[in-house]
Amino acid sequence: ADAIQTVANLTGGAFSLGFMGFLTAFFFFFIATGWAKFLAFTDKLIPAKHRDEAHRLIGEFDRVISGFVRGRLIIALIQAVIFAILYTLIGTPAALLFGIVIGLLSIVPYLAIIGIPATIIAMWLDPAGPTWQNSWWWTLIAPIIVYNVGQAVDDYFLTPAIQGKATDMDTPTILFSSIAGGALLGVFGLLIAIPIAACVKILLREVFWPRFSAWVEGREKDFLPIDRE
């Protein structure tokens, strides 16, 4: 009965995976082939007098989002090298494999924390290296140190130099956006928080702030319902 249940679960999982792959390929094909028509349709929904400005803002959004994606991929590759070296130094079995996997997980900010329990279990099951590396305190503390070193390099060096330049955002804003996105939407929020914050910054800079400045300087009518004239 257990064997039949296991086979049924594996079969169901394989079917679900295959079906999701089919749906992904199905929708990707129709979106890719009809993308030009979709853009033409959405372009007609924009009022003609605002069309040029909308195109410019959409181009800015595309620039920061594509820059974010490229930046996260570059950071993930660098993090993979860093984690592989650090895992080798602390005596983690299959250090290269762990480094690549945890580095790729860092595409999502702070998701590399999964490496802490994973490497602790691996070091406990397959101890290697000198005797002091097989002690319980090293098995628990070393992976935590590795994660904090890798995350510090990401937060204070890689993200400002690569991500900040691509999205025109400073380090505190990026950190605050990531924390807020994670608190609101979990892992998915961590992934989309920075590009959303970058797009909001563009709107504030290009649309709202010029109008607010014009109102402050008296060049625009007061938009608040407090004018007594």
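Fair warning: this is a prediction, and the values are worked out from it, not measured in the lab.
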*Asks:* Supply the atom-to-atom distance Phe157 CZ to Ile162 CD1, rounded to the nearest 0.5 angstrom.
*Replies:*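 With rounding to 0.5 Å, CZ (Phe157) is 12.5 Å from CD1 (Ile162).
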
*Asks:* Who are the side chain to side chain donor-acceptor pair (under 3.5 Å) partners of Thr173, not counting sequence neighbours?
*Replies:*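 Only Asp170 meet the side chain to side chain donor-acceptor pair (under 3.5 Å) criterion with Thr173.
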
*Asks:* What pairs of donor and acceptor atoms, side-chain ones from residues 100-123 against any protein atom, are under 3.5 angstrom apart with sequence neighbours left out?
*Replies:*
| from | atom 1 | to | atom 2 | distance (Å) |
| --- | --- | --- | --- | --- |
| Ser106 | OG | Gly103 | O | 2.3 |
| Thr119 | OG1 | Gly115 | O | 2.5 |
| Thr119 | OG1 | Ile116 | O | 3.2 |

*Asks:* Answer whether the closest heavy-atom distance between the side chains of Glu60 and Arg205 falls below 4.5 Å.
*Replies:*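 When only atoms from C-beta onward are counted, Arg205 and Glu60 do touch, with a gap below 4.5 Å.
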
*Asks:* What I'd like to find out is whether the side chain of Phe26 reaches to under 4.5 Å of the side chain of Ile31, using heavy atoms alone.
*Replies:*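 Contact flag for Phe26/Ile31 side chains = no.
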
*Asks:* Which of these, Thr92, Val146, Thr88, sits in a side-chain contact (heavy atoms from CB on, under 4.5 Å) with Phe98?
*Replies:*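 Answer after filtering Thr92, Val146, Thr88: Thr92.
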
*Asks:* Quick one, Phe68 with Ile196, criterion side chain to side chain contact (heavy atoms under 4.5 Å, CB included). Give me CA distance, side-chain angles, the key distance, then yes/no.
*Replies:* CA-CA 10 Å; Phe68 168 79; Ile196 288 179; over 6 Å; no

*Asks:* Hey, could you give me the CD/CD distance between Glu53 and Glu206, rounded to the nearest 0.5 Å?
*Replies:*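 Separation between the atoms: 7.0 Å.
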
*Asks:* What distance do Ile202 atom CD1 and Met169 atom CE have between them, rounded to the nearest 0.5 Å?
*Replies:*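 Here the interatomic distance stands at 10.0 Å.
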
*Asks:* Using atom types as modelled and distance alone, determine if a side-chain donor or acceptor of Asn148 lies under 3.5 Å from a backbone N or O of Ile144.
*Replies:*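 Confirmed, Asn148 side chain pairs with Ile144 backbone.
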
*Asks:* To the nearest 0.5 Å, tell me how far Leu73 CG sits from Arg70 CZ.
*Replies:*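 Answer rounded to 0.5 Å: 9.5 Å.
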
*Asks:* Taking Ser16 for its side chain and Gly12 for its backbone only, find out whether a donor-acceptor pair lies under 3.5 Å.
*Replies:*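 Answer holds: yes.
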
*Asks:* Quick check for you: to the nearest 0.5 Å, what is the distance between Leu140 atom CG and Trp124 atom CH2?
*Replies:*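 The CG atom of Leu140 sits 11.5 Å away from the CH2 atom of Trp124.
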
*Asks:* Please check if the number of heavy atoms outside Ile4 that lie under 6.0 Å from its CD1 is greater than 12.
*Replies:*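 Atom CD1 in Ile4 is not packed in, count stays at 12 or less.
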
*Asks:* Same cluster or not: are Phe30 and Phe28 linked, directly or through other Ile, Leu, Val, Met, Phe, Trp or Tyr residues, by side-chain heavy atoms under 4.5 angstrom apart?
*Replies:*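 They do not share one cluster, since no chain of ILVMFWY contacts under 4.5 Å joins Phe30 to Phe28.
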
*Asks:* Side chains of Cys199 and Val64: closer than 4.5 Å at any heavy-atom pair?
*Replies:*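 They are in contact (side-chain heavy atoms under 4.5 Å apart), so the answer is yes.
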
*Asks:* In Å and rounded to the nearest 0.5 Å, what is the CD1 to OG1 distance from Ile90 to Thr139?
*Replies:*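 Going from the CD1 atom of Ile90 to the OG1 atom of Thr139 covers 9.0 Å.
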
*Asks:* Please say which of Leu158, Thr159, Leu86 ends up in a side-chain contact (heavy atoms from CB on, under 4.5 Å) with Val153.
*Replies:*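 Single pass found, and it is Leu158.
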
*Asks:* If you look at every heavy atom in Ser177 and Ala197, which pair is closest and at what distance?
*Replies:*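 The pair with the smallest heavy-atom distance is OG-CB, 3.3 Å.
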
*Asks:* I'd like to check Thr167 versus Lys201 (side-chain heavy atoms, cut-off strictly below 4.5 Å). Are they in contact?
*Replies:*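 SC-SC contact between Thr167 and Lys201 ruled out.
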
